Asks: 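Have a look at this one.
Keep in mind the model is a prediction, meaning the values are calculated, not measured. To find a chain, count down the sequence lines: A is the first, B the second, and so on, and within it residues start at 1.
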2 protein chains.
Amino acid sequence: MGITKTEHFSEEQNELAILAKAIGHPARIAIIQHLIKVNSCVCGDIVNELPLAQPTVSQHLKELKNAGLIKGSFEGNAICYCLDEKGFHKIRGFFNQVNTYLENKKNQCC
Amino acid sequence: MGITKTEHFSEEQNELAILAKAIGHPARIAIIQHLIKVNSCVCGDIVNELPLAQPTVSQHLKELKNAGLIKGSFEGNAICYCLDEKGFHKIRGFFNQVNTYLENKKNQCC
DNA sequence: TATTTATATTGCAATATTACGATATAAAGA
DNA sequence: TCTTTATATCGTAATATTGCAATATAAATA
């Protein structure tokens, strides 16, 4: 089918999945890493940085933006992109829970 | 095309993407959350917990296992699953970097 | 206004993912 | 051994994702 049974899961579970899925592509990891390195940049810089055509990069940027992981603001005729706390803040809580659990567990099973 | 240009990205970028992608489905988020709650359980428990058929759950478990996010050990004729530190440890470094960056940045752009 | 520059959108082909019924496998117990 | 129980695998249909050429849009500049 290819269709996820979204309606059977909680809103939180769906939100976390959308965020993780948006991060789950090497090009989008590379974009996030580049934005950390240069703080902010225009789309064209990322096109030069990645081995992908401009429409493909534009599409990846759109997905990151939809997930709330980056944001863009107009700067002349270009668009300046940078990381968006909103998305990363949401997913941070989940990983904090996992890490806290793993630290206390100390492998008592499996 | 649907095919990711894996070879053009670094090994680290591909690894992180695989981990995030594995987490990026509400059923797999639910499985992780359930394992945190009950520490460890057999596949059948998860089938009862989720609104999905047994083969579908089995497939999700396989993906989480391949990514190194869960591990399973035989227990009689059942298999006991629990979280695997390995995968979560790898992705933790990435989110630590992002969070450290975001805390120091204080919104000076976009 | 015409051109250039920067980005987004459309359309499409190739591939991947999701879900599940049917079936296989493998250990446990009768 | 036969049956039950638990999980995995196969096959397949429906849908989603990835990537790009072609094209559209929109601001800047000549």
Asks: Regarding dA8(C), can its base be found pairing with the side chain of Q54(A) as donor and acceptor, where the two atoms are less than 3.5 Å apart?
Replies: yes
Asks: Counting side-chain heavy atoms from CB outward, which of dT7(D), dT7(C), dC20(C) is closest to T56(B)?
Replies: dC20(C)
Asks: Between dA8(C) atom P and H60(A) atom NE2, what is the distance in whole Å?
Replies: 13 Å
Asks: Taking only the side-chain heavy atoms of C43(B) (C-beta and beyond), determine which of dA16(D), dT7(D), dA8(C) contains the nearest atom.
Replies: dT7(D)
Asks: Which whole-number value in Å describes the distance from H25(B) NE2 to dT17(C) P?
Replies: 12 Å
Asks: In whole Å, what is the span from the CG atom of N77(A) to the P atom of dA30(D)?
Replies: 12 Å
Asks: Separation of K62(B) atom NZ from dA19(C) atom C1', in whole Å?
Replies: 15 Å
Asks: Looking only at atom types and distance, does a side-chain atom of T56(B) sit under 3.5 Å from a main-chain N or O of L52(B), one as donor and one as acceptor?
Replies: no
Asks: Specify the separation, in whole Å, of atom CG of N66(A) and atom P of dA16(D).
Replies: 15 Å
Asks: Looking for any heavy atom pair under 4.0 Å, which part of the strands does V42(A) touch: base, sugar-phosphate only, or nothing?
Replies: sugar-phosphate
Asks: Over how many whole Å does the gap from L61(B) atom CG to dT9(D) atom C1' extend?
Replies: 14 Å
Asks: Would you kindly give the CZ-to-C1' distance between F74(B) and dA6(D), to the nearest whole Å?
Replies: 10 Å
Asks: Under the side chain to side chain donor-acceptor pair (under 3.5 Å) rule, what do D45(A) and Y81(A) come out as? Steps first, then yes or no, please.
Replies: CA-CA 10 Å; D45(A) 295 336; Y81(A) 282 106; over 6 Å; no
Asks: Give the rounded distance in Å between these two atoms: CD of Q59(B) and P of dC10(D).
Replies: 11 Å
Asks: Is there side-chain contact between C82(A) and K105(B), with heavy atoms separated by less than 4.5 Å?
Replies: yes
Asks: Between A27(A) and E75(A), which has a closest nucleotide on DNA chain D that is more 5'?
Replies: A27(A)
Asks: When you measure from the side chain of K21(A), which nucleotide among dA8(D), dA8(C), dT17(D) comes out closest?
Replies: dT17(D)
Asks: Step by step, would you call R92(B) with E103(A) a salt bridge (Lys or Arg N to Asp or Glu O under 4.0 Å)?
Replies: CA-CA 13 Å; R92(B) 181 204 218 147; E103(A) 276 158 26; 2.3 Å; yes
